[in-house]
Amino acid sequence: MNPKVSEDKIFMDDYTFKAYDQLGFQKFGLDQDFFANLNRVQFPKLRGLIKWWQYFTSIPTIAPFEEGKYGVPEGGLKLGGTYIVRDSDVLYEWRDKLPGDLPDPKDVMTKLRQIVTG
């Protein structure tokens, strides 16, 4: 977590994924949306086989595994999003179409600046 953001400003869902479900986030699958949106995926820019090996082998250490459960974790299949929220108003929304489908950070920061300077 970001040490510059206080804990009262952070929300994390639990393994029931009720917040994900209420926001209408889907579960990742190899369906037509996956292939239709494949060109939007932002793969990490890693140089060399060793860096890619380190990247893929790190996934089990950061994936949301539940104790006593095996296989692909449910949390690893849930798609998320990026939001800018003020009070109860959603001012910016991005919904991931597949893992790695992230908004351009510059676009998010531009929108945030527009909101703040408003």
Value for CG (D107) from CG (L112), rounded to nearest 0.5 Å, stands at 12.5 Å

Scanning both residues in full, the closest heavy-atom pair of Y20 with G80 reads CE2-CA, 4.2 Å

Going from CH2 on W94 to OG1 on T82, what distance comes out if it is rounded to the nearest 0.5 angstrom? 8.0 Å

Checking L91 against V85 for the side chain to side chain contact (heavy atoms under 4.5 Å, CB included) test, could you report, in this order, the C-alpha distance in whole Å, the side-chain angles of both residues, the deciding distance, and whether it holds? CA-CA 6 Å; L91 305 174; V85 179; over 6 Å; no

Count the heavy atoms belonging to other residues, nucleotides or ligands that lie under 6.0 Å from CG of D87, then report whether that count exceeds 12. no

CD1 of I115 to CG of D89: how many Å apart, nearest 0.5 Å? 10.0 Å

Rounded to the nearest 0.5 Å, how far apart are CZ of R95 and CG of L23? 6.0 Å

By the definition side-chain contact (heavy atoms from CB on, under 4.5 Å), identify the one residue from M109, R113, Q114 that meets it with K111. Q114

